[in-house]
Amino acid sequence: MTNIIENVRQEIKQIISLSFKKAAESGELPQVELPEVTIEVPREKEHGDFSTNIVMQVSKQLKKAPRLAAETIINNMNLTDTYIEKVECAGPGFINFHLKINWLFDALKTIQSEKDNYGRIELGKGKKVMVEYVSANPTGPLHMGNARGGALGDCIASVLDAAGYDVTREFYVNDAGNQIEKFGISLEARYIQLLKGEDAMPFPEDGYHGEDIIDHMKDYIGLYGDKLLNAETDERRKALVEFALPRNIERIKTALESYGVKHDFWFSEKSLYDSGELDETIKLLKENNCTVEKEGALWLKGEVMGSEKDEVLVRNNGYPTYFAADIAYHRNKFLKRNYDWVINLWGADHHGHVARMKGAIASMGINPDKLDVVLFQLVRLYRNGEIARMSKRTGRTISLVDLLEEVGRDAARFIFNTKASGSHLDFDLDLAVQQSNDNPVYYVQYAHARISSLLKRLEDEGVKVPTVDETDLTLLQAKEELELLKRLAEYPEEIRISAVTLEPSRLTRYVQDVAGLFHSFYNACNVKNEEENLRKARVLLVDSTRIVIKNVLTLLSITAPERM
RNA sequence: GUGCCCAUAGCUCAGCAGGAUAGAGCGUCGGUUUCCUAAACCGCAGGCCGGAGGUUCGAAUCCUCUUGGGCACACCA
């Protein structure tokens, strides 16, 4: 629950604005309107732990050379009872802050006292957020897009949870509308083909060509034979959908479960039809004068969405579009269930819908800023250096189940979170299964296993992880020790930034960094055979590293093995 | 045609509410183990941040134009 870095940052902001005030009161500097003071971590270590460029930003108003003004500001600072040891003016007018080394030791104490909760912060306290992800069409198996969206969405939800938000994870089940019609037609065609031969019924060009459709019908025939052969076509399709749809949903649930992706709610699109919410929403849009009727259909006006084109809500055959249902769904999220923030994960091919959806909810009086859509670029699978294609249509899909069989859950989840969501992701199947340091997930897991093994050996010799109170942390002085410790101290801040940017990929990079620093430390510093007091301090550092790696991996739902 | 995303080391990518000498992993090459897991570590080499202008004390980062990739523009979802 403690984010020391954020606390220090706030402290520095406070010190700076007080110093400006003081300098103005004494007449050393003119009074200025300060913009938001940004405190950053300099790249160069010599530039201190924190730095600000505030003086350069306001140097024109100060009518004084930036360096001189910075000196004045520094002289007016009150640093008693802070972590700040030294303040310097540098370069063209930066103010650099060097922290007392004990801030690192306090961070270590925090890790030891918070343990499994270390890293958790209260950024989102009291805010209800929904993350909706995967939401795959239940007309077939999960594909690579769902796999990436699943890993991403699940980890975004976990990051927000760690950041203190009240998080709900949801899967929107598209169990109504046009694709279900198409599903029924596809099933029916396969059903008849299986019973009466390929030529008995041509397969619709835009139907679902996957093998799974045939498999469903083989199973159906095995159970019920040809009893639907002479039924009315509507009745037949309905019966076949009622057979296959629950099976598909069940398979999706099973696949996601073995992927470690969990949802709190499975929200049915059909329920929006049944409950009347869809009609209600359309009516509301009409009343708000957001719609126009033409060509026998009902359209949402383009101006509502900041677009030149109108969009169909209700077709001329009377059926609502997916878009209409989606508007009703979002109205449900915001107005019926009162979420403060809604995050949707969509494949990048849906980017055109973002502005439309925001416009649509705005027309119902919902602040569109409360909706964030994370668009993720699509995945290319590589095997033997060649693109492994996935296509539902050809039936040669590489499904999520296939992927998990081939590379396992840990590698899949980790790799899908190594790139920013907006970047294209090339998934190298060969690399993902390699148990070598080329494979980042093994590199990190190995660090955890190494630590666990070391602590186990020490325990066997009667050496336990000491308490902070019985340890002299000031003995940690080696470069490798301090660099590792500093990185561990940054974890809550990493959580904060990941939550703000909705980028869990930051955490996979972070944990690789921690693992790397640990390996360097391990190589440079002996633990087990060291003099007792130093050993205690190092054991505490090692155990703290274990806690952080474990916490990150757990957050990502990746196992942290004790031996490898 | 209109709109969105992307372009940084040989490869895969970070950095992009402007900051001080542009980073990491992999790959290449060279080292490290009588010692806690060598699935590790250390070191060398590698860059006109796609191109051209502009804003600024200061640009990989912001703006304009341009080139090359990906995607979207249905009474599909």
Side-chain angles (χ1 to χ4, degrees), chain A residues 36 38 40 42-44 46-47 51-53 56-57 59-60 65-66 90-94 96 135-137 139 174 176-182 206 269 294-299 307-323 325-326 347-355 375-378 380 418-426 428 431 434-440 442-447 449-458 461 480 500 503 505-506 509 512-513 515-516 518-530 535 538-539 542 563-564:
Chain A
E36 174 69 19
T38 57
E40 54 185 29
R43 204 170 2 231
E44 294 301 314
E46 303 82 66
H47 296 143
S51 162
T52 181
N53 61 355
M56 288 181 280
Q57 280 183 6
S59 68
K60 272 186 185 155
F94 291 101
N96 296 336
S135 299
N137 264 339
T139 51
N174 303 129
N178 207 47
Q179 81 281 2
I180 292 294
E181 296 291 316
K182 214 156 78 178
D206 63 344
E269 179 182 358
K294 60 180 182 187
E295 297 157 36
L298 183 74
W299 306 66
S307 142
E308 284 168 24
K309 284 169 65 180
D310 302 334
E311 293 289 331
V312 175
L313 291 172
V314 182
R315 303 187 188 94
N316 61 11
N317 63 11
Y319 287 108
T321 58
Y322 173 87
F323 183 46
D326 218 13
D349 51 338
H350 289 76
H351 66 77
H353 298 266
V354 178
L375 295 169
F376 53 93
Q377 298 294 326
L378 301 179
R380 270 184 307 198
T418 50
K419 307 269 158 75
S421 53
S423 297
H424 287 271
L425 192 146
D426 292 337
D428 186 336
L431 176 65
Q434 268 179 49
Q435 309 215 347
S436 72
N437 58 353
D438 301 0
N439 188 344
Y442 283 100
Y443 181 79
V444 173
Q445 289 182 319
Y446 178 66
R450 220 177 186 189
I451 292 170
S452 302
S453 161
L454 171 58
L455 294 175
K456 178 80 172 42
R457 270 171 164 267
L458 285 162
E461 291 176 19
E480 290 84 0
V500 170
E503 274 298 352
S505 61
R506 196 177 173 96
R509 282 192 296 277
Q512 286 180 77
D513 237 33
F518 171 75
H519 286 311
S520 297
F521 155 77
Y522 186 88
N523 225 263
C525 305
N526 199 300
V527 179
K528 200 155 77 74
N529 306 314
E530 202 48 74
R535 188 193 65 207
R538 285 185 176 165
V539 169
V542 168
R563 63 174 60 179
M564 287 171 79

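Just so we're on the same page: letters track the sequence lines, and every chain starts at 1.
- The minimum heavy-atom distance linking A:Q377 with A:G422 is given by the pair CG-O, 2.9 Å.
- Using atom C1' as the reference point in both B:C6 and B:U12, the two lie 15 Å apart (nearest Å).
- In the set B:C36, B:A39, B:U21, B:C36 carries the atom at the smallest distance from any side-chain atom of A:L454.
- Spacing between B:G68 and B:G50 at atom C1', rounded to whole Å, works out to 8 Å.
- For A:K309, counting side-chain heavy atoms from C-beta on, the closest listed nucleotide (B:A74, B:C76, B:A38) is B:A74.
- More than 12 heavy atoms of other residues, nucleotides or ligands lie within 6.0 Å of NZ in A:K294, so this atom counts as buried by the packing criterion.
- Counting heavy atoms from C-beta outward, A:F521 and A:V542 have side chains that approach closer than 4.5 Å.
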Review point. Using Watson-Crick and G-U wobble pairs with both distances under 3.5 Å, what is the 5'-to-3' dot-bracket string of RNA chain B, with [ ] for crossing pairs and | for pairs outside the strand?
Key: (((((((..((((.....[...))))..((((.......))))......(((((..]....))))))))))))....
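- Partners of A:S505 according to the side-chain hydrogen bond (donor to acceptor under 3.5 Å, both in side chains) rule, which considers only residues two or more places apart in sequence or in another chain, are A:E503.
- Listed nucleotides: B:G70, B:C76, B:A14. Nearest to the side chain of A:R315: B:C76.
- Rounding to the nearest 0.5 angstrom, the gap separating the OG1 atom in A:T52 from the CD atom in A:E40 is 7.5 Å.
- Looking at heavy-atom distances under 4.0 Å, A:K60 makes contact with sugar-phosphate atoms alone, never a base.
- Side-chain contact between A:N316 and A:E295 is absent, with no heavy atoms from C-beta onward closer than 4.5 Å.
- Distances were taken from every side-chain heavy atom of A:N529 (C-beta onward) to each of B:A20, B:C35, B:C5; the shortest belongs to B:C35.
- Here A:A447 lies out of heavy-atom contact (under 4.0 Å) with every strand.
- The shortest distance between the side-chain N/O atoms of A:S423 and the OP1/OP2 oxygens of B:A14 is below 4.0 Å.
- Between A:R506 atom CZ and B:C13 atom P there is a gap of 19 Å when expressed in whole angstrom units.
- Between the C1' atoms of B:C29 and B:A72, the separation comes to 47 Å (whole Å).
- Spacing of C1' atoms, B:G30 relative to B:C63, comes out at 47 Å, to the nearest Å.
- Phosphate proximity of B:G23 to A:R509: absent, as no side-chain N or O sits under 4.0 Å from OP1 or OP2.
- The side chain of A:N316 approaches B:C75 more closely than any other nucleotide in the set B:U21, B:C36, B:C75.
- By the 5.5 angstrom centroid cut-off and the 30-degree plane limit, A:F94 is classified as stacked against the base of B:A20.
- Within the 4.0 angstrom heavy-atom criterion, base atoms lie near A:Y522.
- Between the side chain of A:D426 and the backbone N or O of A:D428 there is no donor-acceptor pair closer than 3.5 Å.
- Distance A:M56 CE to B:G18 C1': 11 Å, rounded to the nearest Å.
- Taking atom P in both B:C44 and B:U61, one finds a spacing of 29 Å when rounded to whole Å.
- Within the 4.5 Å cutoff, side-chain heavy atoms of A:Y322 are placed close to those of A:N174.
- B:G1 and B:G27 have their C1' atoms separated by 43 Å, given to the nearest Å.
- B:A24 shows a glycosidic angle more than 90° from 0 and is accordingly assigned anti.
- RNA chain B is contacted by both A:D513 and A:S452; A:D513 maps to the nucleotide lying nearer its 5′ end (nearest heavy atom per residue).
- Comparing the P positions of B:G10 and B:C57 gives an interatomic distance of 35 Å, to the nearest angstrom.
- Backbone-only contact: A:S520 has heavy atoms under 4.0 Å from sugar-phosphate atoms and none from a base.
- Base contact: A:N526 has a heavy atom under 4.0 Å from a base atom.
- Here the nucleotide nearest the side chain of A:E295, chosen from B:A20, B:C75, B:G19, is B:C75.
- The listed nucleotides are B:C75, B:U37, B:U12; the one nearest the side chain of A:D426 is B:U12.
- One cannot find a donor-acceptor pair under 3.5 Å joining the base of B:A14 and the side-chain atoms of A:S505.
- At whole-Å resolution of the value, CG in A:D206 and C1' in B:A74 are 13 Å apart.
- Each of A:R457 and A:A90 was matched to the nucleotide of RNA chain B holding its nearest heavy atom; the match closer to the 5' end belongs to A:A90.
- Taking the C1' atoms as reference points, B:G18 lies 10 Å from B:A60, given to the whole Å.
- The nearest whole Å value for the distance from the CG atom in A:D326 to the P atom in B:C76 is 15 Å.
- Remark: A:H350 engages A:H353 in a ring pair (Phe, Tyr, Trp, His ring centres under 6.0 Å) (not counting sequence neighbours).
- In this structure, CD of A:E480 is placed 18 Å from P of B:C36, rounded to the nearest angstrom.
- Rounded to whole Å, the distance from CG on A:N523 to P on B:G43 is 11 Å.
- Remark: side-chain polar atoms of A:T321 are not paired, donor with acceptor, to backbone N or O of A:V314 under 3.5 angstrom.
- Between A:H519 atom NE2 and B:A24 atom P there is a gap of 17 Å when expressed in whole angstrom units.
- When each of B:U12, B:A39, B:C36 is scored by its nearest atom to the side-chain atoms of A:Y442, the top-ranked nucleotide is B:A39.
- Using a 5.5 Å limit on the distance between ring centres and a 30° limit on the angle between planes, the aromatic ring of A:H351 does not count as stacked on the six-membered base ring of B:A72.
- No contact: A:D310 has no heavy atom under 4.0 Å from any strand.
- Of the candidates B:C73, B:G19, B:U37, B:G19 carries the atom nearest the A:N53 side chain, counting heavy atoms from C-beta on.
- One atom, CG of A:N174, and another, P of B:C76, lie 15 Å apart when rounded to the nearest Å.
- Atom CE of A:M56 is separated from atom CZ of A:F94 by 4.0 Å, given to the nearest 0.5 angstrom.
- Contacts of A:A449 with the nucleic acid, taken as non-hydrogen atoms under 4.0 Å apart, include base atoms.
- If you check B:A14, B:A39, B:U37 against the side chain of A:R563, the one that comes closest is B:U37.
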